[in-house]
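These values consider heavy atoms only, across backbone and side chains, with no hydrogens, waters or symmetry-generated copies.
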Amino acid sequence: MKKSIYLLVLIIVMLGSVSLKANIKLPAILSDNMVMQRNTTVKLWGWADKGEKINIKVGWLPNAIHTVASDEGKWLVSIKTTDAGGPYTIDIEGKNKISLHNVLLGEVWICSGQSNMELQLHLLDEWEHLKMGLNDMLKGYQIRLCQIERNISNQPKDDCKAQWAETDSSTLKNFSAVAWYFGWEMARKLHVPVALISSSWGGTPAEAWTENSFLTKDKDLSFYLSKSTEGDLNPSSPSVLYNAMIHPAINYTIKGAIWYQGEANINDADLYTTLFPAMIKSWRAAWNIGDFPFYYVQIAPYIYSRNNTSPYLREAQLKTLSVENTGMAVTMDIGNVNDIHPKNKIDVGKRLSLWALSKTYHQKDVKVYSGPVYKKMKVEGSRVRLYFDYAETGLQAKNDLNGFTIAGEDMNFVAANAVIEGSEVLVSAKTIANPVAVRYAFTDTSSATLFNKEWLPASSFRTDHQVLFCRMASIKFVKDTINENLFAYISGNDANTQIHYTLDGSAPTFNSPIYKDKILLQESVTIKAKVFEGKTPSLYSATSEFHRHNAWKKKVEYINKFSPLYKGTGLTDGIRGSTNFRDGLWQGFLGEDVFVIIDMESSQPIGKINLSFLQDIGSWIFPPLYVDIYVANNKNEFSFYNSINNDTDLTKEGGFLKEFIFDMKHIKARYIKVVAKNMGLCPSWHIGAKNKAWVFIDEIEVD
């Protein structure tokens, strides 16, 4: 007995001594194999016991640096760096000692955005060729990779999950293709180590990457805050990605940032003109190292929506060039109208590098780094002459010069003829005698035909200044708990606008009824609503369906729980989710099967069961592989009824609904069990390969 007590005391003492020697902690972004920015001041930081003395020795400086942990248990030191070089060791010692090995000094860039920045190299056609030649490519060059893992937070976080690695085929395989091609160009032109910190999340909007105060202090941007509540956080919620995936890195000194995003903000293009510059400014304020370079990619042609709004988003990106020390890579010639993730990332990375090599590193051999950018226009009788920046050596066309439209006072744009004269373009149309405005490539799917002599494409543009009206109506259904009547409420207008709506699924016009009060719903309807400013309609319309089916408001028991990120409004509320997974109606299951039981409250004939799922592979959302239906009158005795396999093309891009319809032939049952099989992991060909796939469901209708 005494021996056992002695051993127990000894173990406790030993554990105590271990804890005393494990007080210094570093953030994940400080690790072996990292690259720190050369020729500047960098930071090392972490946590320790209050008042703990910490000694730091870096391999490029002769003398140690000393600091003491604060009352909050935090410590931070600033350290001068020298020219590119290494590898070095960093020793950090207090009650315990941490050594960081294989550290280089070089150029550090953060690479962020949504899925086109996230797109991994192994998903590209050239991956096998690149992998085989990688060792030869890297001879004499050192490129280090750091991947920040996906995460969200409603408050700024001080740490994240991240790991630095040397480049080889295993570490590069799942890394951002755009970031890699940018870094490769930088390494081979600068001949110094290059570090790429990747922090991206597909399908996410810019407001999620923006620090909260920059949204709250702007009356227009506070719109995003009004759409979100703290209890319903998801990757599209304001500031959640900044908090979890950017803020943990702001002590890590960078040279600059590259960014590829915008597709998720198509429906609020008018606000993006304010939002995107605010996001850039929020990052610069957080890093507190001045207006560091911020180079970004303009979104490519694609069938984004029926509203044809992407030209306005591209215009917002073009206008952001007015922000100090920014640059834009145009992709109008290398998109794919049928694929929101065009696979040519080599030219994307190279075009971003042209900006950096010229504007940041002042490489004399990079004289032209941008395609033509519209500067001004001049009316010459029935023609309009257009002038451009970045066209000093002249303009040229690829194939036929097209994509130009022209308008008179009525602002009715018609197809135009365009002719290049040196570094200018003359535009005209036979039907327009007195032109006032010109537009170029101003549709969702327009491809570039206008280039400078260096074969860099011109951005889409317009010369007019018509106000972009993008107000989105919102439709909500509310049940009166007293008499159980269901009402539709439509919002989104103000004192200067009004809402027109329809109940038959047709598009609202100025002659459609004006919404004045709640609408009593007594039967299934498809409501469409649009905001009008006078007779000018918004580019967007809202659509919601209500189907008062037999399972309406019936109890749903979840055997597998949906993700807290996508909680939806219920599977039997009569309202279907739209093609937008962020509409708040969908329930999302990450890597899990949908497994639910509906209690119809009494045994009754069931004629048809209709289940609605979403496919949006760009956001890692796939329909189930199959759906099984079971029925029972006794909850403990289910009988299998039928199974339906998915028959959609899983490679199809965009968001669309997939229905699984079961003809029940009037089987009588009280309980209905639904099992929808999640594929588990995204397919090998997908950007999210080996990551969990989503299944999104809403609604389960029973008739």
Side-chain ion pair, [X] and [Y], N-O less than 4.0 Å:
{"X": "Arg150", "Y": "Glu118", "answer": "yes"}
{"X": "Glu545", "Y": "Lys528", "answer": "no"}
{"X": "Lys692", "Y": "Glu592", "answer": "no"}
{"X": "Asp593", "Y": "Lys677", "answer": "yes"}

- Where do Phe562 and Tyr558 land on the ring-ring contact (aromatic ring centres under 6.0 Å, His included) test, with the steps shown first? CA-CA 8 Å; Phe562 49 80; Tyr558 292 86; 5.1 Å; yes
[Y] six-ring centre to [X] NZ/CZ under 6.0 Å and within 45° of normal:
{"X": "Lys658", "Y": "Phe660", "answer": "yes"}
{"X": "Lys518", "Y": "Tyr489", "answer": "no"}
{"X": "Lys173", "Y": "Phe175", "answer": "no"}

- Should the ring pair His500 and Phe510 be called parallel, tilted or perpendicular, given that the plane angle runs from 0 to 90° and is split at 30 and 60?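 Plane angle between 30° and 60°, so tilted.
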- Message: Students often mix this up, so state it plainly: with edges at 30° and 60°, are the rings of Phe696 and Trp694 parallel, tilted or perpendicular?
- Response: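 It falls in the perpendicular class, over 60°.
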Tell me if a side-chain donor or acceptor on [X] pairs with a main-chain N or O of [Y] at a distance below 3.5 Å.
{"X": "Lys345", "Y": "Pro342", "value": "yes"}
{"X": "Thr509", "Y": "Asn511", "value": "yes"}
{"X": "Thr210", "Y": "Ala206", "value": "yes"}

- Task: Report yes if the side chains of Phe487 and Leu521 come closer than 4.5 Å at any heavy-atom pair, otherwise no.
- Result: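 Sidechains of Leu521 and Phe487: no contact.
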- Item | Atom NZ of Lys554: over 12 foreign heavy atoms under 6.0 Å |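 More than 12 heavy atoms, drawn from other residues, nucleotides or ligands, come within 6.0 Å of this atom.
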- Assess whether atom NZ of Lys343 is packed by more than 12 heavy atoms of other residues, nucleotides or ligands within 6.0 Å.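 Yes, enclosed.
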